[in-house]
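As structure tokens, the structure follows; a few thoughts come after it.
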Amino acid sequence: MNHLPKPAGEGLRTRVFQIIFESDTPAAKAFDIALIVAILASVLVVMLESVAAFRDGHAALFYWIEWGFTIAFTLELAVRLYCLERPLQYLKSFYGIIDLVAILPTWLALVLPGAQSLVVVRLLRTLRIFRVLRLMEFVGEGRLLIDALKRSSHQIFLFLFTVFMLVTIFASLVYLIEPEEAGFTSIPKAIYWAVVTLTTVGYGDIVPVTPLGQAISVMVMLIGYSIIAVPTGVFSAEVIRSIRADRYSDEACPGCGHDRHERRARYCLRCGTWLDEDSPDPRLADQAQEGSDEDDDRDETPPAR
């Protein structure tokens, strides 16, 4: 099923669709640049507003700037829905949800008045930071990374499940060995220690005090160093595979059978055979034309006397 957005119809909606959802025209590129700048600026405002000194000294300025961004992004979302064939399908997509999350907190602040709701409004307004996720729409390699992550999800899940079993086993052993005075008052607390130790973070708030517990800590840290590269290797292999799949075609050469050609290749790298079987080889057409011209020249040459 094709989930790519489609324009609602011909005319104005199609022209607006080409500007908003495509990037192959000067107007579309200018729109993308303006939207990227607006997203970055809005996220910067959210960050500065979280600083007490800026928030207390410029509360009114932040208020009006945020409303300006909210109105601008609301209009942008309305225009997107206007030019789409299926606007509800877009609202259910990833970027549609991000659009809603980016503008709803400010609008909800209008319907949640009163001191008792200030904390709720503040939490909702923090969701505006998710606007930065919209930047993935403008990164061509973002799709490649997401595809690689999807393909490696089973291996990564198996790896995390194995790590969870190791953490549980080591945490249970340390809980049995270490006294409560050392901080190991429960298995969940010991699991917290095992995760911190396995990831080599080492906060130091809970540490074993017995020699056997310290020996187990050494084992956990060494295991952490040895397995930390596993998900990185799995993901990297899938990224490389995605790059090759994007660049190379699996279609075999009709002449020699070689099947590792770049997608834009027109002739085989090994034997020089024309790869597109649905269209004629232009070289043969040129050669045929040259042969026809030579025959015409011979026919037009007068016989020698």
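Here the side chains of I97 and L91 are not in contact, with every heavy-atom distance at 4.5 Å or above. Using a 4.5 Å heavy-atom threshold, the side chains of K189 and Y175 count as separate. You'll find the side chain of I177 stays beyond 4.5 Å of the side chain of F184, heavy atoms only. Taking the side chain as every heavy atom from C-beta outward, P87 and Y82 never approach each other to under 4.5 Å.
Contact between A190 and A171 at its shortest, heavy atoms only, is CB-O, 3.3 Å. Shortest non-hydrogen contact noted between C83 and F17 is SG-CA, 3.8 Å. The minimum heavy-atom distance between E49 and R55, with the atom names listed, is O-NH1, 2.9 Å. Residues T197 and S217 come closest through the heavy atom pair CG2-O, 3.9 Å. Here the closest heavy-atom approach between residue I20 and residue D32 is recorded as O-OD1, 4.2 Å.
Atoms CG and CG, on D99 and L104 in that order, are 10.0 Å from each other to the nearest 0.5 Å. Atoms CZ and CD1, from F170 and I191 in turn, are 13.0 Å apart once rounded to the nearest 0.5 Å. One finds the CD1 atom of I187 at 7.0 Å from the CG atom of L176 (value rounded to the nearest 0.5 Å). Interatomic distance, L81 CG to E76 CD, rounded to the nearest 0.5 Å: 9.5 Å. Going from atom CD1 of I103 over to atom OG1 of T70 covers 8.0 Å, rounded to the nearest 0.5 Å.
One hydrophobic cluster, built from ILVMFWY side chains closer than 4.5 Å, holds both V174 and V196. Clustering ILVMFWY residues whenever any of their side-chain heavy atoms sit less than 4.5 angstrom apart, transitively, puts F164 in a cluster other than the one holding I223. The hydrophobic cluster containing V167 does not contain Y225, counting ILVMFWY residues as joined when their side-chain heavy atoms lie under 4.5 angstrom apart, directly or transitively. No continuous path of ILVMFWY side-chain contacts below 4.5 Å connects I169 to L158, so the two sit in separate hydrophobic clusters. Linking ILVMFWY side-chain heavy atoms closer than 4.5 Å, directly or via other members, places L222 and V220 in two distinct hydrophobic clusters.
Ring geometry for W67 versus Y63: interplanar angle over 60°, hence perpendicular rather than tilted (30 to 60°).
Residues S93 and Q89 bring no donor and acceptor atom of their side chains to less than 3.5 Å of each other.
Here M165 is tied into one hydrophobic group with F161, each link being a pair of ILVMFWY side chains closer than 4.5 Å.
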Problem set entry | L166/L198 under side chain to side chain contact (heavy atoms under 4.5 Å, CB included): CA gap, chis, key distance, verdict | CA-CA 9 Å; L166 291 175; L198 187 70; 5.5 Å; no

Exercise. Which is it for F31 and V16 under the side chain to side chain contact (heavy atoms under 4.5 Å, CB included) test, yes or no, and what are the steps along the way?
Worked result: CA-CA 11 Å; F31 175 82; V16 174; over 6 Å; no

Exercise. Yes or no on side chain to side chain contact (heavy atoms under 4.5 Å, CB included) for V43 and M47, after CA distance, side-chain angles and deciding distance?
Worked result: CA-CA 6 Å; V43 172; M47 293 180 178; 3.7 Å; yes

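For L48, the side-chain contact (heavy atoms from CB on, under 4.5 Å) partners two or more places apart in sequence, or in a different chain, are L44, F54, F62.
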Quiz: residues 205-216 side-chain donor-acceptor pairs under 3.5 angstrom, not counting sequence neighbours:
| residue | atom | partner | partner atom | Å |
| --- | --- | --- | --- | --- |
| D205 | OD2 | Y192 | OH | 2.7 |
| T210 | OG1 | E178 | OE2 | 2.4 |
| T210 | OG1 | G213 | N | 3.1 |

